[in-house]
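See below for the structure under consideration.
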Amino acid sequence: MLSPSRKGKEKAVDNDVDGFLDINPILTYRHLHAKNPGVRSPFRVVALCDSDAFYAACERVRLKLDPELPLVVQQWDALIAVSYPARKFGISRMDKIRDAKQKCPDLVVVHVATFREGDPEPGYWPNPNTLTHKVSLDHYRRESAKIIAVFKEIIPEAEIEKASIDEAFVDFSIPVRNTLLERYPILAEVPEDLDTPLPPAPAIDWGDLSAVVPVNPEADEAGPSTTPEPAPTWHDVALSIGAELMAKVRKEVLERLGYTMSAGISRNKFLAKLSASYKKPNSQSVLRNAAIPGYLRPMQFRKIRFLGGKLGKALAEEYDASTVGDLHTISLDEMQRKFGEESVWVWEVLRGIDRSEVKEKSVLNKSMLASKNLPRPVTKPSEGIHWLRVLASELALRLHEARETTPGLWPKTIVLHTRRGWQAGRSRQQAFPFSRNLTADVVSSAGEKLWRESVGTDATAPKDMKVTHIMLGFSGIAALGAGQAGIEGFFTNSNSNSTNGEPSDNQGEKCTRCGAQIKPLQELPSDVDDETREAAMVGARLEHEDWHFAKDLARQPPTSSPSPPHSSPKKRKSSSSSDAGNGKVKKRKKEPVGIAKYFAKK
DNA sequence: ACAATAGAG
DNA sequence: GGCTCTATTGT
């Protein structure tokens with residue numbers, strides 16, 4: 001794809017500086033005009049942009065408050081966001097609400113939105129009760145979506161990857177190249193030999209758009225720029241154009257939505273992310289190739305994406321190292337011997353190389369979870385049902401909301417995860433039944449079945465059980481194609497079946513497999529509403545499917561129509577061997593497994 | 001398909 | 001620390 005044939009010769013220059021790779025490549029017309037500037041293009045321009053104290057900013061905007069006010073977002077006793085003005089008082093996310101108020105008596109404290117059973121939607125209350133409410137982050141998800149929409153509108157040619165609720169990667173390579181060719185027509189005049197190096201690059205006026213990471217940080221601290229900055233390269237020019245575009249996006253987001261953001265702009269995702277924290281808030285930083293060694297070498301490597309966890313710890317202990325520079329003494333071979341073939345990714349990243357793509361992801365999440373730590377642990381299964389309903393109604397609400405943008409959304413599976421005391425959590429999942437109306441009751445019924453399987457019933461559960469955490473969620477969420485027969489009616493219409501008169505008088509429906517009548521577990525009053533009926537049917541259907549499941553296992557096809565049991569969920573092999581205890585890495589034959597898995601496949 | 005775990009914000 | 005979310009691995 002790249003690599004001009006004569007690369008070998010020309011590369012002899014000072015390409016690799018002090019262990020850093022490919023810091024000063026020779027830029028040619030071939031590089032610039034390549035059809036697709038891929039991940040190896042030396043002209044790549046990547047940014048990481050994140051919102052400053054995002055949750056705090058969301059509340060500031062929602063309440064139309066002065067941006068200079070010190071503000072924190074409270075979640076029960078704790079803080080989940082601290083605005084930059086509040087940080088000036090020494091308040092950090094680790095503080096308790098008390099300490100924060102002590103440090104700043106005029107602090108604006110906003111409790112995050114909460115939700116309880118029966119609420120039509122999450123709401124903002126000054127003193128929600130953790131015994132009855134669960135936190136809702138939905139407002140922040142919506143604001144996040146608005147920001148991404150502005151990104152897409154302002155820079156339609158850039159690739160945008162939403163990386164989290166408050167962060168996005170942007171690949172500016174294509175729009176930057178277009179601007180470069182427009183602005184410097186000389187670059188559009190391609191010589192016969194594509195491998196001809198480009199003429200010298202012009203000086204760059206960085207203006208006050210960006211903070212430019214200095215090439216020699218120590219010298220700069222000592223006094224005003226004692227070291228001459230290396231001559232600008234065409235890649236630096238490209239970065240400066242990327243910076244212009246980034247500034248434009250940030251300006252639009254600020255003007256339209258009120259959020260300030262900080263960005264890092266560099267040659268790849270990992271460096272973009274790392275440089276974004278160079279100057280915050282409401283700022284953007286450019287990391288030129290020439291500045292990479294000085295910036296990276298003293299950096300704590302555990303600040304690097306994917307090195308913040310167990311792998312980073314393992315590296316630190318194995319080599320008694322803490323900075324990127326410390327790890328430069330480790331050869332690729334040595335690292336691969338200890339940490340597996342895949343660790344080449346680490347070796348490269350320590351030298352400023354990262355070929356991972358910025359790839360557009362669907363805006364839609366594939367999963368949707370609602371969870372609650374139980375301040376009063378649940379000691380018998382029947383008490384848990386209440387929380388299940390809270391979580392289920394929140395999920396139903398959120399799925400409905402998601403369908404406003406994307407009709408036809410349906411989850412493949414429903415998952416229940418519970419944790420007891422200090423024990424490792426356990427999860428149960430199953431296909432999510434298809435039903436006409438997605439109501440909280442439908443979700444709840446499905447959840448309750450998993451709950452019975454997982455923790456049992458009042459009769460079967462251990463007396464001393466203490467469930468401390470419940471999570472209910474959907475996974476495999478996707479829009480069912482229009483190809484599916486009769487799907488439209490399922491989604492578009494919520495007042496459902498009988499616009500033409502009587503609700504069908506049957507109390508049940510036929511199983512498509514065995515033809516048996518499936519009836520609600522309990523007799524329903526004749527005037528019951530559709531939603532309740534639907535939910536009851538879902539419960540019944542799940543039980544019936546369970547029965548088929550057991551029958552199938554016993555290889556006795558249900559031909560006639562024996563009446564399926566309405567209770568007693570089947571026992572299934574619970575093979576939860578918890579071998580996961582010790583944090584030690586076990587060695588297998590060749591590869592040091594347990595470490596290899598830390599590396600994302602590139 | 002299901003269950004568990006790591007990692008990030 | 002609480003609440004999400006994604007991805008990967010192993011069965």
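This one's a predicted model, so the numbers in the text were calculated from it and none came from an experiment. Residue numbering restarts at 1 for every chain, and letters A, B, ... go by the order of the sequence lines.
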> Which residues in residues 74-82 of chain A have at least one heavy atom lying under 4.0 Å from any atom of DNA chain C?
Replying inline: A/Gln75, A/Trp76, A/Leu79, A/Ile80
> To the nearest Å, how far apart are A/Ile477 CD1 and C/dA7 C1'?
Replying inline: 16 Å
> Hey, does A/Ala163 reach any base, or is it just sugar-phosphate, or nothing, if we go heavy atoms under 4.0 Å?
Replying inline: nothing
> Of all the nucleotides listed (B/dG7, C/dT4, B/dC2), which has the minimum atom distance to the side chain of A/Ala370?
Replying inline: C/dT4
> How would you list, by chain and number, every residue that makes a salt bridge (Lys or Arg N to Asp or Glu O under 4.0 Å) with A/Glu401, sequence neighbours excluded?
Replying inline: A/Arg142
>> Ring of A/Trp347, cation from A/Arg351 - is the NZ or CZ under 6.0 Å from the centre and inside 45° of the axis?
In response: yes
>> Of the listed nucleotides (B/dA4, C/dG1, C/dT4), which one gets closest to any side-chain atom of A/Arg93?
In response: C/dG1
>> I'd like to check the salt bridge (Lys or Arg N to Asp or Glu O under 4.0 Å) partners of A/Lys313; sequence neighbours left out, ordered by chain and number.
In response: A/Glu317
>> With a 4.0 Å limit, can you tell me whether A/Ser367 has a side-chain N or O closer than that to the phosphate oxygens OP1/OP2 of C/dC5?
In response: no
> OP1 or OP2 of B/dG9 sitting under 4.0 Å from any side-chain N/O of A/Lys303?
Replying inline: no
> Do the side-chain N or O atoms of A/Arg141 get closer than 4.0 angstrom to the phosphate oxygens (OP1, OP2) of C/dT4?
Replying inline: yes
>> Categorize A/Arg305 for me: base, sugar-phosphate, or nothing, with a 4.0 angstrom heavy-atom threshold over every strand shown.
In response: sugar-phosphate
>> Test of understanding: with salt bridge (Lys or Arg N to Asp or Glu O under 4.0 Å), list the residues that count as partners of A/Arg420, not counting sequence neighbours.
In response: none
> Whole-Å distance between C/dG2 P and A/Tyr55 OH?
Replying inline: 15 Å
> By salt bridge (Lys or Arg N to Asp or Glu O under 4.0 Å), which residues pair with A/Lys134, not counting sequence neighbours?
Replying inline: A/Glu394
> Just to confirm, is there a sub-4.0 Å distance from OP1 or OP2 of B/dG7 to any side-chain nitrogen or oxygen of A/Lys313?
Replying inline: no
> Taking for each residue the nucleotide of DNA chain C bearing the nearest heavy atom, is the 5' side occupied by A/Ser371 or by A/Lys361?
Replying inline: A/Ser371
>> Measuring to OP1 and OP2 of B/dA1, would you say a side-chain N or O of A/Lys412 lies under 4.0 angstrom away?
In response: no
> What is the distance from CD of A/Gln429 to P of C/dG10, rounded to the nearest Å?
Replying inline: 18 Å
> Reckon A/Asn373 has a side-chain N or O less than 4.0 Å from the OP1 or OP2 of C/dC3?
Replying inline: yes
> Within the structure shown, what part of the strands sits under 4.0 Å from A/Met368 by heavy-atom distance: base, sugar-phosphate, or nothing?
Replying inline: sugar-phosphate
>> What is the distance, to the nearest angstrom, from the CG atom on A/Asn365 to the P atom on B/dA8?
In response: 19 Å
> Whole-Å distance between B/dG9 P and A/Glu161 CD?
Replying inline: 13 Å
>> Nearest to the A/Lys372 side chain among C/dC3, C/dC5, B/dT5, which nucleotide is it?
In response: C/dC3
>> On the nucleotide C/dC5, are OP1 or OP2 found under 4.0 Å from the side-chain N or O atoms that A/Arg398 carries?
In response: yes
When the side chains of residues 264-272 of chain A are checked against the rest of the protein, which donor-acceptor pairs come out under 3.5 Å, sequence neighbours left out?
from, atom 1, to, atom 2, distance (Å)
A/Ser266, OG, A/Leu287, O, 3.0
A/Arg267, NE, A/Asn289, OD1, 3.4
A/Arg267, NH1, A/Gly352, O, 2.9
A/Arg267, NH2, A/Asp22, O, 2.7
A/Asn268, OD1, A/Phe270, N, 3.3
A/Asn268, OD1, A/Leu271, N, 2.8
A/Asn268, ND2, A/Gly352, O, 3.0
A/Lys269, NZ, A/Glu161, OE1, 3.1
A/Lys269, NZ, A/Glu161, OE2, 3.4
A/Lys269, NZ, A/Glu357, O, 2.9

> A/Leu364 CG to C/dC5 P: how many Å, rounded?
Replying inline: 13 Å
>> Just N and O in the side chain of A/Arg428: are any of them under 4.0 Å from OP1 or OP2 of B/dC2?
In response: no
> For A/Leu369, which contact category applies under a 4.0 Å heavy-atom criterion: base, sugar-phosphate, or nothing?
Replying inline: base
> Do you know which two heavy atoms are closest between A/Trp451 and A/Pro381, and how far apart they sit?
Replying inline: NE1-O, 3.0 Å
> Which of the following nucleotides, C/dG1, C/dA7, B/dG9, is nearest to the side chain of A/Met94?
Replying inline: C/dG1
> Rounded to whole angstroms, how far apart are CD1 on A/Ile470 and P on C/dT4?
Replying inline: 13 Å
> B/dA6 P sits how many Å from A/Leu307 CG, rounded?
Replying inline: 16 Å
> Between A/Arg62 and A/Tyr124, is NZ or CZ placed under 6.0 angstrom from the six-membered ring centre and within 45° of the ring axis?
Replying inline: yes
> Which of these nucleotides, B/dA6, C/dT4, B/dA4, is closest to any side-chain atom of A/Lys134?
Replying inline: C/dT4
>> Looking at C/dT4, I'd like to know if its phosphate oxygens (OP1 or OP2) sit under 4.0 Å from a side-chain N or O belonging to A/Ser164.
In response: no
> Do any N or O atoms from the side chain of A/Ser343 and from the backbone of A/Gly340 form a donor-acceptor pair under 3.5 angstrom?
Replying inline: yes
